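Model, not experiment: these values are computed from the prediction. Below, chain A is the first sequence line, B the second, and so on; all start at residue 1.
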Protein chains: 2
Amino acid sequence: MDETPKPPLTRIQRENRARIREAALEAFTRHDLCGGLRGVTLDKIALVAGLTKPNILYYYASKDAIYSDLLENLLEEWLLPLKEISPDGEPLAEIQNYVRRKLRLSIEKPRESKLFATEILHGAPLTAATLSGYLKDLVDEKAALIERWIKQGQLAPIDPYHLIFSIWAMTQHYADFDVQVRAILGAEKTKRLPDEASVFFDTLCARLLTPSK
Amino acid sequence: MDETPKPPLTRIQRENRARIREAALEAFTRHDLCGGLRGVTLDKIALVAGLTKPNILYYYASKDAIYSDLLENLLEEWLLPLKEISPDGEPLAEIQNYVRRKLRLSIEKPRESKLFATEILHGAPLTAATLSGYLKDLVDEKAALIERWIKQGQLAPIDPYHLIFSIWAMTQHYADFDVQVRAILGAEKTKRLPDEASVFFDTLCARLLTPSK
DNA sequence: GTCTATAGTCTGATAGAC
DNA sequence: GTCTATCAGACTATAGAC
């Protein structure tokens with residue numbers, strides 16, 4: 001009677017689930033032969049997590065459930081930089097800061113970026129509803145803000161949606177396609193990458209968005 | 001004795017292999033539950049191709065062989081636009097044309113773009129050698145050309161490597177993440193996408209690359 | 001809560017008739 | 001060259017001891 005129908009997770013359960021998520025994130029995005037939902041076995045996740053296969057399935061109902069949980073926990077963090085664009089700041093600086101935050105996130109958390117990319121690339125089977133609901137609303141709001149800035153002459157005229165897409169694409173490129181980036185830049189230039197990319201994007205934003213007098 | 005050790009493929013063999021490649025490309029990049037090398041079964045490819053599983057394996061030694069062949073046939077076409085940047089043209093127009101060709105390729109052949117993206121995302125197990133060899137040389141050559149244009153004052157100063165990465169990222173975004181783009185733009189704006197993206201990129205290139213007088 | 005053992009299913013590849 | 005039938009291995013998930 002005192003039991004709730006869905007009791008909250010205990011501390012140990014939360015910890016073990018977090019441990020499994022970390023192992024799964026590693027396994028799903030490691031450069032083995034192939035990644036993605038089907039490319040990874042429970043055995044691999046169990047090996048990385050230091051648990052046995054049935055034990056994993058004690059904490060998660062199925063492999064798909066791990067993958068879903070991982071994505072859900074990811075989305076919120078991933079959209080935070082966009083949320084933080086403020087109507088009260090100086091327009092160009094707000095967007096440059098957004099790009100910088102997004103770039104840092106991509107470089108510091110490439111696994112998360114890759115997992116999200118894999119999900120969208122394969123048709124967003126688990127996040128389609130979130131994309132056309134929550135995410136669309138958020139982007140519409142920020143696009144309207146950018147439009148307002150443009151109307152007030154604080155930014156040069158540009159399509160705000162394609163601007164946002166471009167920022168996503170360019171910043172995530174360094175995480176998702178890091179193998180290609182590294183192959184082309186070579187070891188030397190790769191070391192300087194974070195700084196040089198940062199400068200590049202600052203320049204790009206300034207030239208693209210500074211209104212002509 | 002008259003037999004060559006590796007006889008060239010007959011016409012029928014070429015046709016059937018092409019048919020299998022088409023079916024595999026469709027299967028590998030279709031929005032089912034998950035894609036990629038492991039996400040697709042020979043049964044699915046056989047179904048799409050209208051052949052039986054053993055018949056597929058008569059034309060290709062293994063599933064991996066189909067995937068490899070697909071990628072090899074793809075790379076050449078995919079790099080053609082970059083190759084076509086000419087030292088003899090007007091610099092800004094050359095780059096704008098490159099972006100336009102790349103965008104058209106992404107929009108017209110999204111499956112090819114997605115297959116390539118999947119390969120790189122998963123660590124480029126089959127194309128790593130090509131990336132750091134042939135592709136690096138090609139990019140180095142074009143980056144040097146852009147540097148020359150900048151030194152001659154025909155383009156505004158910018159890091160040519162990050163410029164090329166950005167062009168790749170932005171154009172391929174419309175193919176690889178089409179689900180997300182469509183979810184955010186809605187049906188109406190999606191219809192106008194090719195034109196609006198084209199205008200956006202022309203503007204972006206002009207503002208980014210036109211030298212200040 | 002965690003383990004061993006295993007059920008049951010799917011899948012890549014092969015054998016052999018036609 | 002193309003088919004049916006089938007094997008051998010790998011995989012997810014479960015049963016049940018401790």
For a quick check of understanding: with a heavy-atom distance under 4.0 Å over all strands, which category does B/L42 fall into, base, sugar-phosphate or nothing? sugar-phosphate
Indicate, with a heavy-atom threshold strictly under 4.0 Å, whether A/Y60 touches base, sugar-phosphate, or nothing.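 If one applies the 4.0 Å heavy-atom cut-off, A/Y60 turns out to touch nothing in the nucleic acid.
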Quick one: [X] [atom1] to [N] [atom2], roughly how many Å, whole number?
X     : N      : atom1 : atom2 : answer
A/I56 : D/dC11 : CD1   : P     : 15 Å
B/L37 : C/dG12 : CG    : C1'   : 12 Å
A/R38 : C/dG12 : CZ    : P     : 11 Å
B/Y59 : D/dC3  : OH    : P     : 9 Å
B/L47 : D/dC3  : CG    : P     : 13 Å
B/L57 : C/dA13 : CG    : P     : 6 Å
A/L51 : D/dA13 : CG    : P     : 16 Å
A/E15 : C/dG1  : CD    : C1'   : 15 Å

Residue [X], side-chain heavy atoms: nucleotide from [options] that is nearest:
X     : options               : answer
A/P54 : D/dC11, C/dC3, C/dG12 : C/dC3
A/S62 : D/dC11, C/dG1, D/dA13 : D/dA13
A/N55 : D/dA13, C/dT14, C/dT2 : C/dT2

For the pair A/Y174 and A/F201, name the ring-plane relationship: parallel under 30°, tilted 30 to 60°, perpendicular over 60°. perpendicular
Fit a plane to each ring of B/F165 and B/W168, take the angle between them on a 0 to 90° scale, and name the class: parallel (under 30°), tilted (30 to 60°) or perpendicular (over 60°). tilted
Can you find a side-chain donor-acceptor pair between B/D140 and B/Y161 that sits under 3.5 Å?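 Per modelled atom types, B/D140 and B/Y161 side chains form a pair under 3.5 Å.
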Would you check if there is a donor-acceptor pair between the side chains of B/Q172 and B/K102 at a distance under 3.5 Å? yes
Would you say B/T52 places a side-chain N or O within less than 4.0 Å of OP1 or OP2 belonging to D/dC3?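 So the side chain of B/T52 is within the cut-off, an N or O lying under 4.0 Å from OP1 or OP2 of D/dC3.
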For C/dT2 and A/Y58 - does any side-chain N or O of the residue sit under 4.0 Å from the phosphate oxygens OP1/OP2?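 No.
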Using ring centroids (six-membered ring only for Trp), state whether B/H122 and A/F28 fall under 6.0 Å.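 No, they do not, as the ring centres are separated by 6.0 Å or more.
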For DNA chain D, whose closest nucleotide is more 5', that of B/K53 or that of B/G50? B/G50
